[in-house]
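Chain letters run A, B, ... following the sequence lines, proteins first, then strands; residues in each count from 1.
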There are 2 protein chains.
Amino acid sequence: MLGTPITIWQDKRREVAQAAILEAAWTVAREQGLASLTLRQVAARVGMQAPSLYSHFASKHAIYDAMFGQAWRSYDEVVDALEPRLPSEPRSALKLMARTFFAFATADLARHQLMNQRVIPDFTPSAESYAPAVRVVARLREHMQRLIEITDEDVDLYVALVGGLADAQWANDPGGSRYARLLDRAVEMYADALALPATPAGPDSQEAR
Amino acid sequence: MLGTPITIWQDKRREVAQAAILEAAWTVAREQGLASLTLRQVAARVGMQAPSLYSHFASKHAIYDAMFGQAWRSYDEVVDALEPRLPSEPRSALKLMARTFFAFATADLARHQLMNQRVIPDFTPSAESYAPAVRVVARLREHMQRLIEITDEDVDLYVALVGGLADAQWANDPGGSRYARLLDRAVEMYADALALPATPAGPDSQEAR
DNA sequence: GTCTATACTGTGATAGAC
DNA sequence: GTCTATCACAGTATAGAC
């Protein structure tokens, strides 16, 4: 009994250690800034010496890479939770999706810089870590396609619009709501450009708050 | 004769040296990446030792700061040159302004990162270097105000929209035109939201190419 | 004032003992 | 796997030549 092979046990141990390192890395990144993260700080937080991290990650960039994958997988899960709550009325759905992305992007600067900007010199996510990001955009397209007739260019414009607002929020009014206030208006503008029907008036037709 | 005081001569020399350092810094930033710029590389390019740069700039951040000011002053001059060519027809003018900014932003990654992103850890532009950036936005607002009735929020939305497209261009299709192609459409969408009159048809009514 | 020489501290990364 | 020791390179402080 308990015939779990030792190799799996070791893999588990390994995964636990890696998870602890990544959690420490997130904490340090949030406290010191993403680009100011140092291996010595991460190592100290998990009770190691800096070189020991190389037993678990090939380089500092590999840690960033794993964090990048985590962040997008995390947002993919947010989209999972959102899916059943998405209204069928197109404008309301677009607004809710935009608000969800915006809230995620403005909740954590380090995460936003890693996911959506190129803050780390010479860091490019690996294909494996980039996959969840691709998946999120693909699902966005599917959702939008389900609501309305839409082209790839339409999706690009939507992404640039909502992403531009999130970037501007961090750059010009961090912690405030100067650009958050413009979100619904931006989506209405976008929906008008796609000639979507206006949201019908009525007690239950408004988007979720 | 030639009674120029020596102090002015020295100031000139000083300015020349500073300009040479900044020009070298731009070259290195474009070649190696903005954040990978090192003082030793900059110094080598102007025939100095790295510590000698401290005779002209208080720190590496001070060099970035001067570059930041240069970049925005440079764009302010672009706006100067644009001003007499701006059509009075609102949509065409908005398009030309958007294209001008987009072209400037996508012409030089290092410059764009310095001007519009927060790529350098712990670097915040000084009030003096930030002034030209403020001036550019103020002039944008004046130009738009001259064309149409507009609020601060309208300007914010315009900036986020055009900036979002430029960021997306660098992030997802550097060197390509995937988002550049969406520029005119984005401005039309924005103009529709402001209920601007449609561009009148006619041989001379189209925006400048 | 401007520059060089030297050196201090902190970084990511590697080698090898245990 | 984790350690210690060490390396190459970074920004930058200081001292002193000119």
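The interatomic distance linking A/Lys60 (NZ) with C/dT11 (C1') rounds to 8 Å, in whole Å. With rounding to whole Å, A/Met48 atom CE is found 17 Å from C/dG12 atom C1'. Summarising the geometry, the separation between CG on B/Leu53 and C1' on D/dA13 is reported as 14 Å, rounded to the nearest angstrom. For the pair B/Leu39 CG and D/dT12 C1', the computed distance is 8 Å after rounding to whole Å. Taking atom CD1 of B/Ile120 as the reference point, atom C1' of D/dG11 lies 14 Å away to the nearest angstrom. A straight line from CZ of A/Phe57 to P of D/dG1 spans 13 Å, rounded to a whole angstrom. Taking atom CD1 of B/Ile21 as the reference point, atom C1' of C/dT2 lies 11 Å away to the nearest angstrom. Distance B/Tyr54 OH to D/dA15 P: 16 Å, rounded to the nearest Å.
Candidate nucleotides D/dA13, D/dT4, D/dA10 were compared by shortest atom distance to the side chain of B/Thr38, and D/dA10 ranks first. Listed nucleotides C/dA15, D/dA10, C/dC3 differ in distance to B/His56; the shortest reach to its side chain belongs to C/dC3. When the nucleotides D/dT14, D/dC3, D/dG1 are ranked by their closest atom to the side chain of A/Ser55, D/dG1 comes out on top.
Within the 4.0 angstrom heavy-atom criterion, no nucleotide atom of any strand lies near B/Ile63. Residue-level contact check: B/Leu37 touches the backbone only, with heavy atoms under 4.0 Å from sugar-phosphate atoms and none from bases. Here A/Ser52 lies in heavy-atom contact (under 4.0 Å) with a base.
When only modelled atom types and interatomic distance are considered, B/Asp167 and B/Gln117 share a side-chain donor-acceptor pair under 3.5 Å.
Within the 4.5 Å cutoff, the side chain of A/Lys60 has no heavy atoms near those of the A/Ile120 side chain. For the pair A/Glu77 and A/Leu82, the minimum side-chain heavy-atom distance is 4.5 Å or more.
Ring orientation note: the planes of A/Phe101 and A/Tyr75 are nearly perpendicular, at an angle over 60° on the 30°/60° scale. Using bins of under 30°, 30° to 60° and over 60° for the plane-to-plane angle, the ring pair B/Tyr130/B/Phe68 lands in the parallel bin.
A sub-4.0 Å separation between OP1 or OP2 of C/dG1 and a side-chain N or O of B/Arg14 is absent.
Judged by distance alone with a 3.5 Å cut-off, no donor-acceptor contact links the side chain of A/Arg40 to the base of C/dG10.
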